[in-house]
Q: 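Below you will find the structure I want to go over with you.
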4 protein chains.
Amino acid sequence: MGGAGETRRARSDKQRNRTHILEVAEEYFTEQGVSGSMDAIARRAGVGPGTLYRHFPNREALLAALLRARDEELVSRRTAIERDVADPVTALEQWLEALGEYVTAFDGLPEPLRAALSEDTSPLVIACEGFITVTDHFLVAAQRAGGAHHWIRARDLFLSVLSTAWARSAVLADETSADALRAIVRSGWATAGNGAGRTGDGVSATRLPPTGRGAAPL
Amino acid sequence: MGGAGETRRARSDKQRNRTHILEVAEEYFTEQGVSGSMDAIARRAGVGPGTLYRHFPNREALLAALLRARDEELVSRRTAIERDVADPVTALEQWLEALGEYVTAFDGLPEPLRAALSEDTSPLVIACEGFITVTDHFLVAAQRAGGAHHWIRARDLFLSVLSTAWARSAVLADETSADALRAIVRSGWATAGNGAGRTGDGVSATRLPPTGRGAAPL
Amino acid sequence: MGGAGETRRARSDKQRNRTHILEVAEEYFTEQGVSGSMDAIARRAGVGPGTLYRHFPNREALLAALLRARDEELVSRRTAIERDVADPVTALEQWLEALGEYVTAFDGLPEPLRAALSEDTSPLVIACEGFITVTDHFLVAAQRAGGAHHWIRARDLFLSVLSTAWARSAVLADETSADALRAIVRSGWATAGNGAGRTGDGVSATRLPPTGRGAAPL
Amino acid sequence: MGGAGETRRARSDKQRNRTHILEVAEEYFTEQGVSGSMDAIARRAGVGPGTLYRHFPNREALLAALLRARDEELVSRRTAIERDVADPVTALEQWLEALGEYVTAFDGLPEPLRAALSEDTSPLVIACEGFITVTDHFLVAAQRAGGAHHWIRARDLFLSVLSTAWARSAVLADETSADALRAIVRSGWATAGNGAGRTGDGVSATRLPPTGRGAAPL
DNA sequence: GATGAATGAGTTTTCATTCAT
DNA sequence: TATGAATGAAAACTCATTCAT
């Protein structure tokens, strides 16, 4: 990927080193999940932990860099959808699907992503914000077409995707459940008609979800 | 620290001790979340770690006991719903709401709960199974009334509740998002009509979710 | 062995209980070696640890009781040897062989046995003393016949047997080594002639070993 | 307790630190025997357990390092013997004596050494292999001179030394027994004549010990 | 006599992170 | 800038033994 594969640290080039660490980390996180040991990554990359930490001051920073490296793919997915899919609802649907896959790149990734949403300092926020922006793009289009509830915001959709991805870890053996979860979310944001072009959505005129906490008298 | 140094604590009533540990654990988990240290709990309870482990051989067992202690509340919620709510859709809705609250008792609780679903040995499974059974009860009623998609299973709903609860940890400051997540799930399982009494549900004739993985051509 | 196999603790008879514990301990030590957990034995025997400790105040006591139960076998070995073997050297040889087997009853048994030799309080000493007495019996006969060095004492021979048994744990896969160890000890105590009836043993006139620590000028 | 609380210990020379740990460990093992607590050693050395484990990943590694530090002494013993002792039997005798002392450096040392012989992974194996090689050197010479049984192998002799050392822990107060044990082993491997130059050794023509397990009809 | 709850020191080991060199 | 040694808190769990009931 980075092209520094064969001779590790041939030049004592900082950039090369960084790239190499990223490659190794990608591999490691893929194998062990995101909570693997930082030390192990440094060791595998053949650098001292200090070097690792110089490039990426903490796990989140490393994760963020890793995700950024994968951004390209997501961007091209987005482009492809925008190019190929006329129906804004289907477009949103496909984008969320792509996002869901992206977010499952490493085992346990949803966790730090969710955490990042609550912090302002995490380097992962930036990534998240990007995702949310694009999601908003698709969402607005779908809402304009009357295919998505108006009370939904991009951030909520992103969280839904995240939490669905999180839940999927529990149902690895049960693809049906995974599908059901996706379907719930899907039919959750979509208006009844589902269809592009259909306009009426009685409920969605408001910006508030139909059943708030207080709405259901317990 | 625990003050149990000098004289051996009189062999107080076992039940008393157990209860005391539970109280302390409840308090501790409420403060620190479910991943707090077991030893710390023992320390706080003024018992040796051995005592803690005698009563609860591992974290899950402790958690399970804690949840069981809260079961009563959930049971009474269930009873109340069955007594007071005629509409099966609203009933299911309220039950899921109750479940969602229950599952947020401690910070980070959804995680071990989800993990338990993939294991057969965890003492938490029993709790989960119970939840799922009751959920099934409500779900079937709602489905009969045409108010819930037929392709949904109780387990899926439980997972939805779990993952929504999980996501909520990220949006503590943002009640609107939390509501939206709930609403998505809610309008995800409910049929368009939403209504009790209304029968037709064109989609739900099948037991499969409308949009499986393969449905969306990526 | 004890005949209390089928209905555990049918009568609440102390003796029965004791016998049952012994059976279980025998089984357990055979499986796990002598350093297995006392608690586990109690658990397996279906009694509280307190009961176990009432009968056998510590591991050594339990071990001693276990060995005593096996004494019979050793005694009969002794009788058989005395009856059947005319040559005192062969007799000693066979007795030591029997002792070596006895002492390997459980994995790790030589260790506490050796330790017991240094303590006066261990209940295992009694067992050891018995062994040593018998060994002395055979040894003296062999020495009288000129077939064993005079500078050897029964206690030394017992220690040799013990240490050979100890070493054998390391050479499980290597029967040749085990044989060699035995042979070393065997040709160590025996006089050159090896034969019963042969008298001359120039060295053995003294009660001191030929090469003491000081003898070899390092 | 270690006094390393306030300021981070200046990154002293790694070698220095390592050496210090070794000194402390040596002292500690000498006092407490080899099964003393690793943490205690770290504490005594004034370093964190992590530092100890960085240098020596486990107890065996530490022990191996400690032994290696003593190797010099053994090597010089060997050199001295080779230089000063003409008679190969005496040479072997003295080498085994030296080995016996070496192996008694710490209380309980024979145990892990024996265990190492059954494993391929232990860092102690290397040490053992070295010992065995040298022993073989002396043994072959003695055998050529007709002063040691041909059925003995170096490994067996090393085990004998080990087990004798093990047994000696029990007879600390009884030097006579210790001497006797040594003498048994000594007269166990040596041929009757004992003498250098003497060639005939009727038994030793074979590579098998005279009394194998089956040889003695029990 | 039996029970089994309580004790609590003790074990090994990991790891994120810092900082002297 | 890279290094990697040092840190040391923490974690989870065990077990021989005691003693109140």
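In what follows, chains are A, B, ... by sequence order, proteins preceding strands, each numbered from 1. Everything numeric in this text was worked out from a predicted model, so none of it was measured.
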Q: Check whether any side-chain heavy atom of A:E23 sits under 4.5 Å from a side-chain heavy atom of A:Y28, and report yes or no.
A: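 No, too far: nothing below the 4.5 Å cut-off.
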
Q: Enter the distance from B:F106:CZ to B:E31:CD here, rounded to the nearest 0.5 Å.
A: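 Taking CZ in B:F106 and CD in B:E31, the distance rounds to 11.5 Å.
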
Q: State, with a plain yes or no, whether a side-chain heavy atom of A:L109 is found less than 4.5 Å away from one of A:T104.
A: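 Of all side-chain heavy-atom pairs linking A:T104 with A:L109, none is under 4.5 Å.
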
Q: Under the criterion side-chain contact (heavy atoms from CB on, under 4.5 Å), which of D:L66, D:L62, D:L63 is the partner of D:F56?
A: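 Only one option passes, and that is D:L62.
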
Q: Without swapping roles, check the side chain of C:R59 against the backbone of C:G36 for a donor-acceptor pair under 3.5 Å.
A: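 Pair found, side chain donor or acceptor close to backbone of C:G36.
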
Q: Which nucleotide wins on minimum distance to the side chain of D:P49, given the candidates F:dT18, E:dA9, E:dT13?
A: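 It is E:dT13.
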
Q: Do B:V34 and B:E111 make a side-chain contact, defined as non-hydrogen atoms from C-beta onward lying under 4.5 Å apart?
A: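 No, every pair of side-chain atoms sits at 4.5 Å or beyond.
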
Q: Look only at the side chain of B:T30 and the backbone of B:E26, and say whether a donor-acceptor pair between them is shorter than 3.5 Å.
A: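 Pair found, side chain donor or acceptor close to backbone of B:E26.
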
Q: What stem regions, each of at least 3 consecutive Watson-Crick or G-U pairs below 3.5 Å, can be found for DNA chain E?
A: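 Runs of three or more consecutive pairs: E:2-21 with F:2-21.
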
Q: When the nearest nucleotide of DNA chain F is assigned to A:G48 and to B:G50 on a heavy-atom basis, which residue is associated with the more 5' position?
A: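 By nearest-heavy-atom nucleotide position, the 5'-most residue is A:G48.
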
Q: Mind running a 4.0 Å heavy-atom check of residues 31-39 of chain D against DNA chain F and sending the residues that fall below it, in number order?
A: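 Under 4.0 Å from DNA chain F: no residue of residues 31-39 of chain D.
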
Q: With nearest nucleotide decided by heavy atoms, which residue, C:N58 or A:T51, maps closer to the 5′ end of DNA chain F?
A: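 Looking at DNA chain F, the more 5' nearest nucleotide goes with A:T51.
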
Q: Do we get B:R114 above A:W166's six-membered ring, with its NZ or CZ under 6.0 Å from the centre and within 45° of the axis?
A: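 Verdict for A:W166: a cation-pi partner in B:R114.
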
